[in-house]
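Convention: sequence-line order gives letters A, B, ...; per-chain numbering from 1. Just so it is clear, the model here is predicted, and its values are computed rather than measured. The figures here come from the full heavy-atom set of this structure, side chains too, leaving out hydrogens, waters and symmetry mates.
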2 protein chains.
Amino acid sequence: MKSIPLERHLCFKLYALSRQITQAYRPLLDSLDLTYPQYLVLVVLWEEKTINVKDLGARLLLDSGTLTPLLKRLEQKGLLSRQRDPRDERSVTIGLTRAGSAMKEKVAEMPEVLKNCLALDMDQYHSLMNSLGGLLDNAIRSNTAETN
Amino acid sequence: MKSIPLERHLCFKLYALSRQITQAYRPLLDSLDLTYPQYLVLVVLWEEKTINVKDLGARLLLDSGTLTPLLKRLEQKGLLSRQRDPRDERSVTIGLTRAGSAMKEKVAEMPEVLKNCLALDMDQYHSLMNSLGGLLDNAIRSNTAETN
DNA sequence: TGGATTTCAATTGTACACAATTTAATTTTA
DNA sequence: TAAAATTAAATTGTGTACAATTGAAATCCA
């Protein structure tokens, strides 16, 4: 049986590219003592101001096993607060501290870093964004469909 | 300052899509007692028959810190062999066992799994493959460029 | 040629990912 | 309404990723 070379694997291109982008962000994020997933949590919080772990997980497609320790680290750094919802003690509400809000200004050059890394023009950017958006929706639907 | 919503982040789409594809592969890979990175190592070996850790790392963009324990696990499962190169004792040569070669037949439906997950037609597939290939090259070049 | 440098894999330590389980709280329903 | 079922986070355990260091071997070069 003939095997398909690594370079023809779409999954590998996505996997490798995603990691390379994280590498490109690393110098800036390191200087802010942030990891890439921690940055993504802040992106959501700059949008939402407040969100519980379940909804944050739904946005980032991450579960509490990943988020709980990550959120504790961000809390340790003084960037966010975690508190049980008094209306539903099962739920934990995440909110930004002043330092967490202020971090938004410090990551202003993130888009520029990505642009330099990928060397994409606006047309390619939007086209790729649309393709990936559709594929992500398909993949989520496909993975969510119960095999009953 | 206005913040960019998570959904407009190209990096997040790539990061999330890559993980969703791993999820789609999981049932099949689980049934074979393989992880996705372990599968990728086998993909390279089905191509090369034999390769050292350094070259394998260059192909997969992974370092020995990731590969050494991963390769030991594949060796434990009896899928590959690891041995010091007698010509250069610093180098470790990886080779497939019969079971490792035989695994190729068992992952035959991987492309079909991906196709069902993403619902891509051939044109979209090739177009995306080309875009991602170019971007990956750019990203690697950008990340490799020393900041001297 | 022999000490300095470089190279390769392994090791150490931190931080994700994610399946599976646990614990506590809420909701359903008999 | 009280037991059963469900839900939300946290916990546990395995396996990546990756920076930094280590140790051994090969290469450089004065």
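- In this structure, the separation between CD on B/Glu109 and CG on B/Asn116 is 11.0 Å, given to the nearest 0.5 Å.
- A/Gln23 and B/Asn143 share no donor-acceptor pair across their side chains, judged by distance under 3.5 Å alone.
- Nucleotides of DNA chain D nearest to A/Thr68 and B/Glu89 differ in position, and the one nearer the 5' end is that of A/Thr68.
- Residues A/Pro69 and A/Asp85 both approach DNA chain C. Their nearest nucleotides, taken by heavy-atom distance, put A/Pro69 toward the 5′ side.
- B/Gln76 places its CD atom 15 Å from the C1' atom of D/dG15, with the value rounded to the nearest Å.
- B/Ser91 comes within 4.0 angstrom of sugar-phosphate atoms only, judged by non-hydrogen atoms across all strands, and of no base.
- Within 4.0 Å of B/Arg19, counting heavy atoms only, lie sugar-phosphate atoms of the nucleic acid but no base atom.
- Among D/dA10, D/dA24, D/dA17, the nucleotide with an atom closest to any side-chain atom of B/Arg90 is D/dA24.
- Within the 4.0 angstrom heavy-atom criterion, only backbone atoms of the sugar-phosphate kind lie near A/Leu70; the bases stay farther away.
- At the phosphate of D/dT11, OP1 or OP2 sits under 4.0 Å from a side-chain N or O atom of A/Lys72.
- Nearest-nucleotide positions on DNA chain D for A/Asp63 and A/Gln23 put A/Asp63 closer to the 5' end.
- Contact footprint of chain B on DNA chain C: nucleotides with an atom under 4.0 Å from a non-hydrogen protein atom, first to last in 5' to 3' order, C/dT7 to C/dA19.
- Among the protein residues, A/Thr35 comes within range of the sugar-phosphate backbone only, with heavy atoms under 4.0 Å from sugar or phosphate atoms but none that close to a base.
- At a threshold of 4.0 angstrom between heavy atoms, the contacts of A/Leu61 are confined to the sugar-phosphate backbone, with no base atom among them.
- Closest-nucleotide positions on DNA chain C for A/Pro86 and A/Leu62 were compared, and the one nearer the 5' end corresponds to A/Leu62.
- Nucleic acid contact for A/Ile94: none, since no nucleic acid atom lies under 4.0 Å from a heavy atom of the residue.
- Backbone-only contact: A/Asp88 has heavy atoms under 4.0 Å from sugar-phosphate atoms and none from a base.
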